[in-house]
Amino acid sequence: MEYNEICGKRQLEFMKQFDYIREAGTDGEEKAALEIQRELKSFGVDSRLEEFEIDTWRILKAEFTVTEPFEKTYTVAGYGRCGSTPADGIEAPFLYAENGDDINLSQAKGKIVLVNNPVNKDMYKKLVHAGAAAFLSITGTPIDEGPDRLLYTRGVPKMEETPIQGLVIHHRDAMELVEAGACRARLTLLQEPEKAVSHNVIARIQGTEVPDEILTLTAHYDSVPQGPGAYDNMAACAIILELCRYFKAHTPRRTLEFIWFGAEEKGLLGSRNYTEVHKDELKHHCFNMNVDLAGQLVGGTVIGVTGDPSICSMIEYMAHETGIGMVTRNAIWGSDSNTFAWNGVPAMTLNRDGFGMHTRHDIVDYISPWSLERSARLLGHIAESLGNIPVIPFKREIPETFMKELDRYFGR
Ligand SMILES: [Zn+2]
């Protein structure tokens, strides 16, 4: 690869315009999709938008009041996609169940149950099974002040039945009400389901000799509502954009498809839509190279490989050729690469550790051109090697253990 054609400063300049929140289904997300398209056009690459619908919600009322042995109303946010309580709420005994272990949950029947972590599908089912009347989960840290005390609505994963409703409460309020001995409370959540639209941005560089063998380079461009997601994940968007520019000038033998996914933060919805819409074409996909979390200076690079373990050795060999430090991990990975692997396409996510993910502190000020440049060179070398190698040097299959983990991950 012509490493001197990869420029970290140019990537950073591109990123600077995305200093706004790009929550899936909002105007911010759509604006970003159009900006990515415009940038592609500026160096002669045509792209298309693939639109898809997402299920979202509107919270009409979210309220939590301790009723015994004192009375106090706390600031809360509602969980979406779990329906509504009766209009005047549910009043019930209160229980703090920590991490929702079996001993704590054996006392949960008929109670409003406070747990530490965001309620995922497993925890939701455990709470229902334990007979909880409703739930609260804790967010934030004890040192939060001012804007860090703000609470954001979050969704439970899509489920067939959602018999109980829940709220989010701040760490410091949770401490207060447990310490003060709250034993009875009233919880109200009223909401309406809504539909919104998100988009994937797709650009294809047709291979010169084996165009029907496809390699994908992917990154999500949506953010969480808390902050403008520079590290998570506009930096990765800039990395694959830089590589798209490079490969436009140095077209490999195989086809490269570049995809900027929407709605990753809502449950990998962009990549799930892509694999559905392009189901018939997936048999031509050889490998997915995803990037999620990138661009900060202080950190290290991990490439998570979901596929045959030989792919790790291959990638490590390629990294040695570049002299750029990294390690591999053979595992499933909580990003869009999982969707490809679940659909039988070996996949990797390039990931760099860093600061501030899913907070308002995830801003471009902490992004480093040095880091962007190195990651783009490393990924570029891997993509160029696989794009030109006579035969893809690994099996196109996903080990059974990963398939089982992915079934669980996607809730099958
Ligand atoms: Zn991310």
Side-chain angles (χ1 to χ4, degrees), residues 11-12 14-15 18-26 28-29 32-33 35-36 52 54 117-118 120 139 152 154-155 157 198-201 216-243 258-275 288-296 298-306 326 329 331-342 347-364 366-368 371-372 375-376 379 406 409-410:
Q11 294 175 66
L12 183 65
F14 165 73
M15 280 186 68
F18 300 94
D19 59 346
Y20 52 89
I21 288 163
R22 304 175 302 281
E23 188 183 9
T26 65
E29 196 201 36
E35 285 301 332
I36 292 167
F52 55 96
I54 59 175
N117 296 308
N120 58 21
T139 189
Y152 294 88
R154 55 186 313 134
S198 179
H199 302 86
N200 294 331
V201 183
T216 47
L217 286 118
T218 61
H220 75 84
Y221 69 93
D222 65 312
S223 75
V224 294
Q226 286 88 333
Y231 161 62
D232 180 14
N233 192 38
M234 212 58 217
C237 293
I239 288 168
I240 68 165
L241 187 93
E242 184 73 7
L243 292 177
F258 293 82
I259 314 164
W260 291 265
F261 287 123
E264 189 267 358
E265 301 287 6
K266 302 279 186 207
L268 315 187
L269 301 183
S271 54
R272 292 175 80 168
N273 183 73
Y274 178 87
T275 51
N288 165 242
M289 290 161 275
N290 184 54
V291 187
D292 198 350
L293 302 181
Q296 286 186 7
V298 175
T301 298
V302 182
I303 293 185
V305 174
T306 314
M326 53 80 75
R329 256 200 10 236
I332 72 163
W333 211 263
S335 185
D336 291 305
S337 54
N338 263 358
T339 315
F340 284 90
W342 198 41
M348 58 161 257
T349 288
L350 186 150
N351 169 284
R352 188 171 180 82
D353 36 74
F355 162 81
M357 177 179 113
H358 296 181
T359 71
R360 69 189 176 90
H361 305 289
D362 184 1
I363 55 177
V364 75
Y366 308 132
I367 299 297
S368 141
S371 171
L372 289 169
S375 291
L379 184 63
L406 289 165
Y409 179 88
F410 285 103

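Quick note: numbers below take in every heavy atom, side chains included, and nothing from hydrogens, waters or symmetry partners. Counting starts at 1 for both ligands and their atoms, following the listed order.
Residues Ala376 and Ile239 approach most closely at CA-CG2, 3.8 Å, considering heavy atoms.
Ser223 places a side-chain N or O within 3.5 Å of a backbone atom of Arg22 that can act as its donor or acceptor partner.
Ring-plane geometry between Phe258 and Trp260 is classed as parallel, the angle between the planes falling under 30 degrees on a 0 to 90 degree scale with a further cut at 60.
Distances from the Zn ion (ligand 1) to each N, O or S atom of His220 single out NE2 as the nearest. Of all N, O or S atoms in Asp292, the one lying closest to the Zn ion (ligand 1) is OD1.
At a cut-off of 2.8 Å, Asp232 coordinates the Zn ion (ligand 1) through an N, O or S atom. Distance check for Glu265 against the Zn ion (ligand 1): none of its N/O/S atoms falls below 2.8 Å.
Around atom CZ of Arg329, no more than 12 heavy atoms belonging to other residues, nucleotides or ligands sit under 6.0 Å away.
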